[in-house]
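Everything numeric here is computed off the predicted structure, so don't read it as measured data. Both counts, for ligands and for their atoms, begin at 1 and track the order of listing.
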Amino acid sequence: MVSVEEIRKGKHAGKAVELRGWIYRTRAVGGKAFVVVRDATGIIQVTISRDAVPAKTFEAVEKALIESAVVVRGKVIADKRAPGGYEIRAEDVQVVHFAEKFPIQEDQSEEFLLDVRHLWIRSQRMTAIFRIRHTAFGAVHEYFRGQGFWETSPPMFTPAGSEGGATLFEVEYFGRKAYLAQSWQLYAEALVLAMEKIYYIGPSFRAEKSRTTRHLTEYWHAEMEQAWAGMDEVIHHAEGVISHVCQRVAEERPDDVVALGRTPEFLKAVKPPFERLTYDEALKLLKAKGIVLEWGKDLRTLEERALTEGKTKPIVVTHYPRITQAFYKARDPKHPDLVLGFDVIGGDGVGEIVGGSERETDLETIKKALVEQGEDPKAYDWYLDSRRYGSVQHAGFGMGMERLIQWICKLEHIRDAVPFPRTPARFSP
Ligand code: 4AD
Ligand code: MG
């Protein structure tokens, strides 16, 4: 058994192979059938001559519609005219399943493609993205493990939120209210006092009603937390992990990168350090570009676009106004109205890829911040034990895996960064 990718890399030139896959395209001309077969790794042309196979086999091939499942036996031939440079001259083709007429044809609407997402995921575009996603997830694990972080697992059913009530999904939990995790935040700050350097990749849930090209209601979140560390150290890791993912994708999936409209060279150049500016500096820069943002307001898509215009690497914005920020972020000792928080912002309209901060360590300060945000500190009592028993400086961040993949693959919409996207408008198929 071989894969299309191995053949296209030249590993089986001149040899007899067996390939399993599905018919991607098919046409018969005279005594020949040209069947393009896809497997998980790509597509390859299979040429079947009427006189090279039993009559029944050729008939079956002629009858088989696209997405029929096939097993092909034949010889790999280097042929410059074939897409990818190789083709298989078939000696035998077994049609394992004759597909019904496939509902997806060319030029169908986005909405229809979302209705048949369970079939659209077989497309060359989607499978290229999935392969890059696979490499990206592996690279995040590799980076953090390589830096001495422990992988730990937080719960998804939680008694309280960490990122504000507006985006909390409520679920009925045997007659009581529970919430789906927006982040591992509270659990990370408990676990970090046990394990010191921790990370995780898992789903986060946001009841985000805004229909944008960069919000999902369910997304995969790569999060890290580090004890005995401040904002600068974790910014260093944010740059490190993004760069590592870009290097791995460039090395392992160059063809997929090109197919999606980026180049491996572009990704290879994503190396630390990234350009860094404070929120105040960002406002000044925006003003010079004719965009006035009131101090204290969050950067929106418009501002993020302007700040990243012409940049080939993401940028880091630090020291945001405290009023817009979650209760657990540490105040800047030099400017108490700012937090030691940062975002990593990508270009092409993707915006915030990473959000992180140093954490407030003082019990009374954090209780006050909870009250200011309309929360009842009693609901967070277990969490506040992290400020009662051995509170130390710590910091961390969360990275949206789909945002990162959207940026790497230059996707117009974040929904294509995940096989079955969850948005306000739909949660099926
Ligand atoms: O900035 P956020 O809300 O930060 C947190 O949740 C922190 N507790 C993380 C931490 O410090 N451990 O979310 C972090 C990242 C964002 O930068 C963004 O990339 C992604 O999560 N994100 C989303 N991705 C897709 N759809 C959404 N609705 C998202 N909301 C946040
Ligand atoms: Mg954020």
A.B. asks: State yes or no: are the ring centers of Trp382 and Tyr187 separated by less than 6.0 Å?
C.D. replies: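 Close enough - the centres of the two rings lie under 6.0 Å apart.
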A.B. asks: With no hydrogens and no angle check, do the side chains of His141 and Tyr199 hold a donor and an acceptor under 3.5 Å apart?
C.D. replies: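 Tyr199 and His141 do have a side-chain donor-acceptor pair below 3.5 Å.
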A.B. asks: Would you please classify the geometry between the Phe144 ring and the Phe397 ring as parallel, tilted or perpendicular, with 30° and 60° separating the classes?
C.D. replies: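 Taking Phe144 first and then Phe397, their aromatic rings sit tilted (interplane angle of 30° to 60°).
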A.B. asks: Give me the residue, atom name and distance of the protein heavy atom closest to atom 1 (O) of ligand 1.
C.D. replies: Glu352 OE2, 2.9 Å
A.B. asks: Are a donor atom and an acceptor atom from the side chains of Arg122 and Tyr24 found within less than 3.5 Å of each other?
C.D. replies: no
A.B. asks: Do Glu358 and His394 pair up side chain to side chain, a donor and an acceptor below 3.5 Å, judged on atom types alone?
C.D. replies: no
A.B. asks: Looking at Val354, which atoms of ligand 1 are within less than 4.0 Å of one of its heavy atoms?
C.D. replies: 17 (O)
A.B. asks: At less than 4.0 angstrom from any non-hydrogen atom of Arg359, what atoms of ligand 1 do you find?
C.D. replies: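 In order of numbering, the contacting atoms are 10 (C), 11 (O), 12 (N).
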A.B. asks: Do the side-chain N and O atoms of Tyr86 and Arg8 include a donor-acceptor pair separated by under 3.5 angstrom?
C.D. replies: no
A.B. asks: Give the residue, atom name and distance (to 0.1 Å) of the protein heavy atom nearest atom 2 (P) of ligand 1.
C.D. replies: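 The closest one turns out to be Arg206 NH2, 3.9 Å.
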A.B. asks: Could you list which atoms of ligand 1 come closer than 4.0 Å to a heavy atom of Ser183?
C.D. replies: 6 (O), 7 (C), 8 (N)
A.B. asks: Below 3.5 angstrom, do we get any N/O pair linking Met399 and ligand 1?
C.D. replies: no
A.B. asks: Does any N or O atom in Gln182 lie less than 3.5 angstrom from one in ligand 1, N or O only?
C.D. replies: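 For ligand 1, there is no N or O atom that lies under 3.5 Å from one belonging to Gln182.
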A.B. asks: Evaluate Ser357 for polar contact with ligand 1, using N/O atom pairs at a separation under 3.5 Å.
C.D. replies: no
A.B. asks: How far is atom 7 (C) of ligand 1 from its nearest protein heavy atom, and which residue and atom is that?
C.D. replies: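 Sorting protein heavy atoms by distance from atom 7 (C) of ligand 1 puts Tyr328 OH, 3.4 Å first.
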A.B. asks: Measure the distance from atom 19 (O) of ligand 1 to every protein heavy atom, then report the residue, atom name and distance (to 0.1 Å) of the closest one.
C.D. replies: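 Its nearest protein heavy-atom neighbour is Ile353 O, 2.8 Å.
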A.B. asks: Judged by modelled atom types alone, do Thr361 and Gln393 share a side-chain donor-acceptor pair under 3.5 Å?
C.D. replies: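 The criterion, which ignores hydrogens and geometry beyond distance, is not satisfied for Gln393 and Thr361.
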A.B. asks: Between Lys289 and Glu309, does a salt bridge (charged side-chain N to carboxylate O under 4.0 Å, His left out) hold up when you go through it step by step?
C.D. replies: CA-CA 11 Å; Lys289 293 187 177 216; Glu309 208 183 330; 3.6 Å; yes
A.B. asks: Under a plain distance cut-off of 3.5 Å, with no hydrogens placed, do Glu87 and Gln45 share a side-chain donor-acceptor pair?
C.D. replies: yes
A.B. asks: Determine the interplanar angle of the Tyr380 and Tyr383 rings, folded into 0 to 90°, and report it as parallel if under 30°, tilted if 30 to 60°, perpendicular if over 60°.
C.D. replies: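 Aromatic pair Tyr380/Tyr383 classed perpendicular.
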A.B. asks: Side chains of Asp298 and Tyr320: do they bring a donor and an acceptor to under 3.5 Å?
C.D. replies: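 There is no such pair between these side chains.
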A.B. asks: Do Glu412 and Thr213 have side-chain N/O donor and acceptor atoms under 3.5 Å apart?
C.D. replies: no
A.B. asks: Quick check: does Gly356 get an N/O under 3.5 Å from an N/O on ligand 1?
C.D. replies: no
A.B. asks: Looking at Phe266, I'd like to know if the NZ or CZ of Arg262 sits under 6.0 Å from its six-membered ring centre while staying within 45 degrees of the ring's axis.
C.D. replies: yes
A.B. asks: Does Glu225, backbone or side chain, put an N or O under 3.5 Å from an N or O of ligand 1?
C.D. replies: no
A.B. asks: Which part of Glu208 is near ligand 1, with near meaning a heavy atom under 4.0 Å away: side chain, backbone, both or neither?
C.D. replies: side chain
A.B. asks: Would you mind checking which non-hydrogen protein atom is closest to atom 14 (C) of ligand 1, with the distance to 0.1 Å?
C.D. replies: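 Scanning the protein heavy atoms, the shortest distance from atom 14 (C) of ligand 1 goes to His221 NE2, 3.3 Å.
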A.B. asks: Do me a favour and list the nearest non-hydrogen protein atom to atom 12 (N) of ligand 1 with residue, atom name and distance?
C.D. replies: Glu223 OE1, 2.8 Å
A.B. asks: Can you tell me the protein heavy atom closest to atom 4 (O) of ligand 1 and the distance?
C.D. replies: Glu163 OE1, 4.0 Å
A.B. asks: Can you tell which of Gln185, His215, Arg403, Lys329 gets a heavy atom nearest to atom 18 (C) of ligand 1?
C.D. replies: Arg403
A.B. asks: Looking only at protein heavy atoms, which one is nearest to atom 27 (C) of ligand 1, and how far off is it?
C.D. replies: Leu216 O, 3.5 Å
A.B. asks: State whether the shortest distance between N or O atoms of Tyr219 and N or O atoms of ligand 1 falls below 3.5 angstrom.
C.D. replies: yes
A.B. asks: Please name the atom of Glu352, limited to N, O or S, that comes nearest to the Mg ion (ligand 2).
C.D. replies: OE2
A.B. asks: Please indicate whether any nitrogen or oxygen in Gly355 is less than 3.5 Å from any nitrogen or oxygen in ligand 1.
C.D. replies: yes
